[in-house]
**Q** 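Input: one structure, supplied below.
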Amino acid sequence: MAAPCSRMANRPLWRFITNVRRTGLKHTGVRQISLSSACRAATQTRSKTEGVPSPWKLYGAVCLQRLPVISQERNPIEDQFAELMHQMELERSLLSDHEQRLLEDSERMTRKQADNYDSDEEEADYGGQETITAQDQEDTWEQKLKHFQPALRDRDVGGTPLGSVERCLGDSLVLLVQQTVGKETIWLLPQAQWEAGETLRQTAERGLSSLPEADFKATFLGNTPCGVYRYTFPKEVRTERCVGAKVFFFKAFLSAGSASQKEPFLWVKKTELQRYLKPPYLEKVDRFILNL
Amino acid sequence: MFLVLSRQTAVPTNVSSLMGVDGHVSQGPWFASVLTLKTSAPLRAEPKKKKKVDPRREQMVRERLKKKLKKLERVPPELIPIEDFTTPAKYMDETRVRGAPQLPFEESERRALLLKEWSRYKQTQHRAEMEAVGLAVEAQREALEELRLESEELYQAALRPDPLLFPFNHQGPSYTPPKAQYEAPEGKYNNITKVYTQ
């Protein structure tokens, strides 16, 4: 598979680039942090017992997904295989009641049109009733089907805006909002700062409900966070007490909701995430957003 | 003698008034025995005999019934037939067999190659799915590690299972999107499934 190999090759590259680039969200090299995190863990556990707060600010974020509404288009190979399966099943099956009726009716028609047709004999069997042939029934059923107009599958022909929930009905979409973090306004998953006395999941729920002019009803999948993004503040903002921030992500499925078009919301597919999210953030978020 | 005769004629009409007024009967000895017939000693003894024997007989009858019930209960219950496992007789009919088509060589080749292509496609799909799930699990493990470093209390709160999550229901994707304000027509059907009771 091409994708994982390229990711492995790019990892040292990203680290180099992020070290060189000076952005608001700096994700310093993984290796450096991991060495110090071991001793920091020791100090932190000691400090917990002493009652000193940790130097990381905590945030709870929600990864709200709208699951697909319609099935996806078939690949050419899937199309061919479906056809083949249908054909093979048809060949291996027995005749159904309806098909037998069709055969009998056609035989009766041929017998009627033959020269030596004895109508008395035939009608004695059937009691002289007018029978509805199976073909007539099929025709009536087809007529009924034509009266029903299903909704169209592709509505994107008109170009629905990115903020609408009804965008790509065949894919699962993720909600992105624009928030100010530090000095910049960037696109990210909706988050809120953790306050003492609540669990992180409640923080995430608060972050979702506090979005202006939108009410989304979501079912959160459990109490465990699905991912974490840790970053250190730039040197100007860094103090002894807060070195950086950790954002914990929680997964949720959208059950009902609406939002006005004015507010900056985005519903994006997994493939479109890279256009809006910063690379180090995207790297962590991409892992737990499944495109299945 | 004269007195006795007069009292004899008076008895059938005035016996009740005589009883009520006097309280005790002061007539001849043979009247006394007639009136005390109901409460004499030999008559009282007979129902006592019945009481001794009848409860035993009733008990014996009840025990026999219970034994019969136990014998009936020991029989194992009849198994409910699974109707999916028995092919109905009408499908064994030979007139229903479709003519087996004779496939040309190219067609059978094409089918075999397509099946192999399909298995390869499915294998790559499965590998990709497994990888994606592995990454997601790894991400969650890292998140829990970081949370533990932060605070033990939040970590324990995160590990607790959510009782309100299940039963979880979700309507899967359909071929066409749902129509707004569509009223499905009411359908009537007769349910002819056989219900078995043990």
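Per chain, numbering begins at 1; letters A, B, ... match sequence-line order.
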**Q** Heavy-atom pairs under 4.5 Å with chain A are the metric here; pick the option from B:Leu115, B:Val133, B:Leu159 that has the most.
**A**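 Top count of heavy-atom pairs under 4.5 Å with chain A: B:Leu115.
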
**Q** Give a yes or no on whether a salt bridge exists between A:Arg287 and B:Glu142, defined as a side-chain N under 4.0 angstrom from a carboxylate O.
**A**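 Between B:Glu142 and A:Arg287 there is a salt bridge, with a charged N closer than 4.0 Å to a carboxylate O.
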
**Q** What part of A:Gln100 gets within 4.5 angstrom of chain B, counting heavy atoms only: side chain, backbone, both, or neither?
**A**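 The side chain, not the backbone.
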
**Q** When you measure from the side chain of B:Lys179 to the backbone N and O of A:Gln149, does any donor-acceptor pair fall under 3.5 Å?
**A**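 Side chain of B:Lys179 to backbone of A:Gln149: a pair is present.
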
**Q** Mind ranking A:Leu95, A:Val228, A:Asn75 by heavy-atom pairs under 4.5 Å with chain B and telling me who comes out on top?
**A**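 Looking at each of A:Leu95, A:Val228, A:Asn75 in turn, A:Leu95 comes out on top.
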
**Q** Go through A:Met88, A:Gln80, A:Arg92 and name the one with the most non-hydrogen pairs under 4.5 angstrom from chain B.
**A**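 So the answer, after comparing A:Met88, A:Gln80, A:Arg92, is A:Gln80.
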
**Q** Report the distance from atom CG of A:Leu84 to atom CD of B:Glu107, rounding to the nearest 0.5 Å.
**A**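 Atom-to-atom, A:Leu84:CG and B:Glu107:CD are 8.0 Å apart.
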
**Q** State, yes or no, whether a side-chain contact exists between B:Pro173 and A:Val69 at a heavy-atom distance under 4.5 Å.
**A**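 The answer is no; the side chains never approach within 4.5 Å.
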
**Q** Taking everything shown except A:His98 itself, do over 12 heavy atoms lie less than 6.0 Å from its NE2?
**A**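 More than 12 within 6.0 Å, yes.
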
**Q** Pick from A:Glu89, A:Glu99, A:Glu91: which one makes a salt bridge (Lys or Arg N to Asp or Glu O under 4.0 Å) with B:Arg98?
**A**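 Testing each of A:Glu89, A:Glu99, A:Glu91 against B:Arg98, the sole residue satisfying salt bridge (Lys or Arg N to Asp or Glu O under 4.0 Å) is A:Glu99.
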
**Q** Please check if atom CD in A:Glu83 has more than 12 non-hydrogen atoms from other residues, nucleotides or ligands closer than 6.0 Å.
**A**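 Not more than 12 within 6.0 Å, no.
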
**Q** Verify the neighbour count for atom OH of B:Tyr182: are there more than 12 heavy atoms of other residues, nucleotides or ligands below 6.0 Å?
**A**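 Correct, the count exceeds 12.
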
**Q** Out of B:Val137, B:Leu144, B:Asp162, which one racks up the most heavy-atom pairs below 4.5 Å with chain A?
**A**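 Highest number of heavy-atom pairs under 4.5 Å: B:Asp162.
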
**Q** Heavy-atom distance under 4.5 Å to chain B: side chain of A:Ser93, backbone, both or neither?
**A**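 Contact with chain B involves both backbone and side-chain atoms of A:Ser93.
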
**Q** OH of B:Tyr155 to CG of A:Leu200: how many Å apart, nearest 0.5 Å?
**A**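 Here the rounded value is 13.5 Å.
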
**Q** For B:Ala143 versus A:Cys226, what's the shortest heavy-atom pair and its separation?
**A**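 Result for this residue pair: CB-C, 4.4 Å.
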
**Q** Which region of B:Phe168, side chain (C-beta onward) or backbone (N, CA, C, O), has a non-hydrogen atom less than 4.5 Å from a non-hydrogen atom of chain A, or is it both or neither?
**A**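 Contact with chain A involves the side chain of B:Phe168 alone.
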
**Q** Looking at B:Ala139, B:Ala157, B:Gly172, B:Gly134, which makes the most heavy-atom pairs under 4.5 Å with chain A?
**A**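 The answer is B:Ala139.
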
**Q** Answer with side chain, backbone, both or neither: which region of B:Tyr175 has an atom nearer than 4.5 Å to a non-hydrogen atom of chain A?
**A**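 It is both, since atoms from each part get that close.
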
**Q** What closest approach, in Å, do B:Pro177 and A:Leu169 show between heavy atoms, and which atom pair accounts for it?
**A**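 Taking B:Pro177 first and A:Leu169 second, the nearest heavy atoms are CB-CD1, 3.9 Å.
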
**Q** Counting heavy atoms not belonging to B:His170, are there more than 12 under 6.0 Å from its NE2?
**A**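 Yes, the 6.0 Å shell around NE2 holds more than 12 heavy atoms from other groups.
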
**Q** Is a donor on one side and an acceptor on the other found under 3.5 Å between the side chain of A:Asn223 and the backbone of B:Arg160?
**A**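 The answer is yes, because a donor-acceptor pair under 3.5 Å joins these two groups.
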
**Q** Within this structure, what is the CZ-CG distance for the pair A:Phe248 and B:Leu147, rounded to the nearest 0.5 Å?
**A**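 Output value for this atom pair is 4.5 Å.
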
**Q** Does CD belonging to B:Gln125 count more than 12 external heavy atoms closer than 6.0 Å?
**A**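 Counting neighbours around CD of B:Gln125, more than 12 heavy atoms of other residues, nucleotides or ligands fall under 6.0 Å, so yes.
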
**Q** Give a yes or no on whether B:Phe105 atom CZ has more than 12 heavy-atom contacts from other residues, nucleotides or ligands under 6.0 Å away.
**A**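 No, CZ of B:Phe105 has 12 or fewer neighbouring heavy atoms, counting only those of other groups under 6.0 Å.
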
**Q** Using the ring of each side chain (for Trp, its six-membered ring), is A:Phe81 parallel, tilted or perpendicular to B:Trp118, with breaks at 30° and 60°?
**A**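 Ring orientation of A:Phe81 relative to B:Trp118: parallel.
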
**Q** Side chains of A:Leu58 and B:Leu154: closer than 4.5 Å at any heavy-atom pair?
**A**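 Yes, at least one pair of side-chain atoms sits under 4.5 Å.
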
**Q** Measuring heavy-atom distances to chain B, does A:Thr219 have an atom under 4.5 Å in its side chain, in its backbone, in both, or in neither?
**A**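 For A:Thr219, side-chain heavy atoms alone lie under 4.5 Å from chain B.
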
**Q** Evaluate B:Glu129 against A:Leu290 for side chain to side chain contact (heavy atoms under 4.5 Å, CB included), listing each step before the verdict.
**A** CA-CA 9 Å; B:Glu129 278 178 18; A:Leu290 302 171; over 6 Å; no

**Q** To the nearest 0.5 Å, what is the distance between CE (A:Met85) and CZ (B:Arg111)?
**A**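 A:Met85 CE to B:Arg111 CZ: 8.5 Å, rounded to 0.5 Å.
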
**Q** Side chain from CB out, backbone as N, CA, C, O: work out which of these in A:Leu94 comes under 4.5 Å of a heavy atom of chain B, or both, or neither.
**A**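 When you check distances to chain B, atoms from both the backbone and side chain of A:Leu94 fall under 4.5 Å.
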
**Q** Answer whether the closest heavy-atom distance between the side chains of B:Lys90 and A:Asp97 falls below 4.5 Å.
**A**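 They are in contact (side-chain heavy atoms under 4.5 Å apart), so the answer is yes.
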
**Q** Identify which part of A:Phe250 has an atom lying under 4.5 Å from any heavy atom of chain B, answering side chain, backbone, both or neither.
**A**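 Contact with chain B involves no heavy atom of A:Phe250 at all.
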
**Q** Could you look at B:Gln156 and say if it's the side chain, the backbone, both or neither that has a heavy atom under 4.5 Å from chain A?
**A**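 Nothing of B:Gln156, per the 4.5 Å heavy-atom cut-off to chain A.
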
**Q** Roughly how far, to the nearest 0.5 Å, is the CD atom of B:Glu150 from the CH2 atom of A:Trp56?
**A**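 The CD atom of B:Glu150 is 8.0 Å from CH2 of A:Trp56, to the nearest 0.5 Å.
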
**Q** Which bit of A:Asn291 comes within less than 4.5 Å of chain B, counting heavy atoms only: side chain, backbone, both or neither?
**A**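 Neither part, no heavy atoms under 4.5 Å.
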
**Q** What is the distance from atom CD of B:Gln140 to atom CZ of A:Phe249, rounded to the nearest 0.5 Å?
**A**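 Answer rounded to 0.5 Å: 13.5 Å.
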
**Q** Is any side-chain heavy atom of B:Thr176 closer than 4.5 Å to one of A:Leu152?
**A**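 Heavy-atom side-chain distance check fails, nothing below 4.5 Å.
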
**Q** Would you say B:Glu109 has more than 12 foreign heavy atoms packed within less than 6.0 Å of its CD?
**A**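 It does: B:Glu109 CD has more than 12 such atoms within range.
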
**Q** So which part of B:Leu164 gets closer than 4.5 Å to some heavy atom of chain A, the side chain, the backbone, both or neither?
**A**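 Neither part, no heavy atoms under 4.5 Å.
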
